[in-house]
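Below, chains carry the letters A, B, ... as their sequence lines are ordered, and counting in each starts from 1.
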Amino acid sequence: MSQNIFALVDCNNFYASCEKLFRPDLAEKPVVVLSNNDGCIIARSREAKTLGIKMGLPVFQVRDLLRKHDVVAFSSNYALYADMSQRVMSTLETLAPRVEVYSIDEAFLDLTGLDFSQNLTEFGISVKHIVQKWTGITVCVGIAPSKTLAKLANHAAKTWHKTGGVVDLTNKDRQRKLLALLPVNEVWGIGGKLTKRLQQLGIDTALQLADADPNYIRQHFSVVVERTVRELNGESCIALEDIAPTKKQIISSRAFGERITDKQQMCEAISEYISRACKKLRQEQQLAKHLTVFLRTSPFSDKDAPYSASKSIELDSPSSDTRVFLAKAMLLLDGLWMNGYRYAKAGVMLADFYDPGVHQPGLFDDPIVQKDSDQALMQLMDKLNSKHADTIWFASQGSQQEWGMKRELLSPAYTTNWAQLPIVK
DNA sequence: TCTGGGGTCCTAGGACCC
DNA sequence: TCTGGGGTCCTAGGACCC
């Protein structure tokens with residue numbers, strides 16, 4: 001039996017790098033990318049990190065710092081990042097037989113059983129060079145016998161420049177040396193709450209966690225943490241998932257650019273989210289039976305009266321028809337809406353998914369089948385909207401969308417819109 | 001004045017059944 | 001004052017991830 005070997009390939013400062021790619025004039029400048037509504041810092045270039053701009057901070061708290069150092073800020077441009085991500089991932093798919101796209105900027109490669117004419121570090125270096133050459137994106141590579149260790153190897157590759165961005169952690173002694181250097185919260189799966197509880201037991205470093213008794217950990221925490229302990233010891237417990245599992249829920253939610261106090265506007269927003277969620281559902285080729293609608297005021301404001309509520313409903317039979325969900329959502333909203341609050345955010349969730357054609361109706365349910373004409377209408381709508389972005393929509397979505405999100409610093413859709421292609425002079 | 005969005009998994013506890 | 005035990009299913013909430 002051959003030992004498992006995983007590589008984690010992670011793009012460096014991904015969103016900020018995407019923005020820089022098309023703005024050579026910003027090559028050495030500090031760049032940050034902001035969350036929806038231009039609310040928080042969600043990505044920083046190397047230069048911005050050096051300035052001490054922290055991840056996740058609300059922009060208004062660092063405004064002076066940004067101005068002082070001439071930091072260039074962008075609204076998030078997901079069309080651009082998704083397209084660049086796809087280029088990176090398809091490059092990786094030419095370099096390894098099994099690839100799991102783990103997030104927009106990371107992928108695990110399964111190197112188990114591969115016969116390397118080169119050693120693993122050399123393989124990592126060649127991955128790095130090819131991705132850089134084909135896409136312009138810089139990556140780091142961590143290689144190890146479990147995913148959790150590969151994550152830490154990647155972290156090391158990012159942290160210590162003299163590694164050249166590639167770390168091979170298949171050697172046991174090297175593993176222990178690195179684990180001893182890292183605080184336990186750097187471990188994949190150990191967040192803030194677990195870190196606190198572990199520290200109370202005297203476990204501060206990754207190595208101390210690795211050396212803890214798995215059974216003891218299972219009793220005091222959970223099977224998840226136990227698995228982490230085993231993974232830290234090089235025992236692979238988390239398999240590579242190269243076939244994306246079908247989704248179990250689809251959420252569409254957003255904070256508003258401006259607070260909503262008017263029910264009509266809330267109807268528009270909910271309609272918009274329903275429309276997006278159902279479009280995603282059809283892309284997944286699934287039907288959903290469960291719908292939740294939720295809304296809330298800002299949890300940060302101590303002046304506004306707080307209110308947060310959600311309501312759910314089950315359809316008689318699964319559907320992917322936007323009109324069906326729109327009607328139900330409006331009923332739910334009637335039950336949720338309270339006058340007098342300043343709403344900051346709302347959203348919808350679809351769940352309880354079925355493959356088309358497999359739903360077993362209950363004994364007393366009307367066997368309502370989705371009519372072919374209904375499906376054709378939805379398909380036509382999706383087709384039109386993908387060809388010419390958002391050509392048609394439901395009247396309830398509103399045409400002004402005054403509550404829509406703020407994106408005042410948006411870069412052009414360089415790679416996905418002909419009209420916005422970069423021009424080389 | 002201004003604080004993101006979209007997911008997954010696990011567990012505890014209640015409801016219900018025999 | 002007395003009022004079982006054990007199993008399953010579902011849901012809400014908490015934890016984590018990027």
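With both ends at atom C1', the span from C:dG4 to B:dC16 equals 16 Å, rounded to whole Å.
No engagement by A:Lys406 is indicated, since no non-hydrogen atom pair under 4.0 Å with the nucleic acid exists. Residue contacts for A:Arg259: at a heavy-atom cut-off of 4.0 Å it reaches the sugar-phosphate backbone alone, with no base atom in range. If you check every strand for non-hydrogen atoms under 4.0 Å, A:Asp38 touches nothing. Backbone-only engagement by A:Glu106 is indicated by non-hydrogen atom pairs under 4.0 Å involving sugar-phosphate atoms exclusively. Using a 4.0 Å heavy-atom distance criterion, A:Ile250 is classed as a sugar-phosphate-only contact. Backbone-only engagement by A:Ser252 is indicated by non-hydrogen atom pairs under 4.0 Å involving sugar-phosphate atoms exclusively. The residue A:Val59 sits apart from the nucleic acid: no heavy atom pair falls under 4.0 Å.
For the pair A:Lys345 and A:Lys248, nearest-nucleotide mapping onto DNA chain B gives the more 5' position to A:Lys345. Nearest-nucleotide positions on DNA chain B place A:Gln61 closer to the 5' end than the other of A:Thr246 and A:Gln61.
Put simply, the side chain of A:Phe300 does not reach to within 4.5 Å of the side chain of A:Pro58, judged on heavy atoms.
A stem is defined here as three or more consecutive Watson-Crick or G-U pairs, each with both distances under 3.5 Å; for DNA chain C these stems are B:5-18 with C:5-18.
The salt bridge (Lys or Arg N to Asp or Glu O under 4.0 Å) check on A:Lys29 picks up nothing, with sequence neighbours excluded. Among residues two or more places apart in sequence or in another chain, the ring-ring contact (aromatic ring centres under 6.0 Å, His included) test is passed with A:Tyr343 by A:Trp337.
Side-chain contact of A:Asp83 with A:Thr415: a donor-acceptor pair under 3.5 Å is present, judged by distance alone. With hydrogens and angles left out, the side-chain atoms of A:Lys20 and A:Asn13 include no donor and acceptor closer than 3.5 Å.
Residues from residues 183-204 of chain A placing a heavy atom under 4.0 Å of any atom in DNA chain C, listed by number, are A:Val187, A:Trp188, A:Gly189, A:Ile190, A:Gly191, A:Gly192, A:Lys193, A:Leu194.
Close approach of DNA chain B to chain A, defined as any atom under 4.0 Å from a non-hydrogen atom of the protein, starts and stops at B:dC2 to B:dT11.
In summary, of the residues considered (A:Ile190, A:Val229, A:Leu201, A:Thr228), a side chain to side chain contact (heavy atoms under 4.5 Å, CB included) with A:Phe221 occurs for A:Leu201 alone.
At a threshold of 4.0 Å, the pair A:Asp211-A:Arg176 counts as salt-bridged, since one of the basic side-chain nitrogens sits closer than that to a carboxylate oxygen.
The heavy-atom pair separating A:Leu326 from A:Phe394 by the smallest distance is CD1-CG, 3.7 Å.
Ring geometry for A:Trp188 versus A:Tyr102: interplanar angle over 60°, hence perpendicular rather than tilted (30 to 60°).
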A:Glu19/A:Tyr81 under side-chain hydrogen bond (donor to acceptor under 3.5 Å, both in side chains): CA gap, chis, key distance, verdict
CA-CA 9 Å; A:Glu19 296 293 348; A:Tyr81 313 147; 2.7 Å; yes

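Pairs engaging residues 213-223 of chain A under the side-chain hydrogen bond (donor to acceptor under 3.5 Å, both in side chains) rule: A:Arg218-A:Glu226 [sequence neighbours left out].
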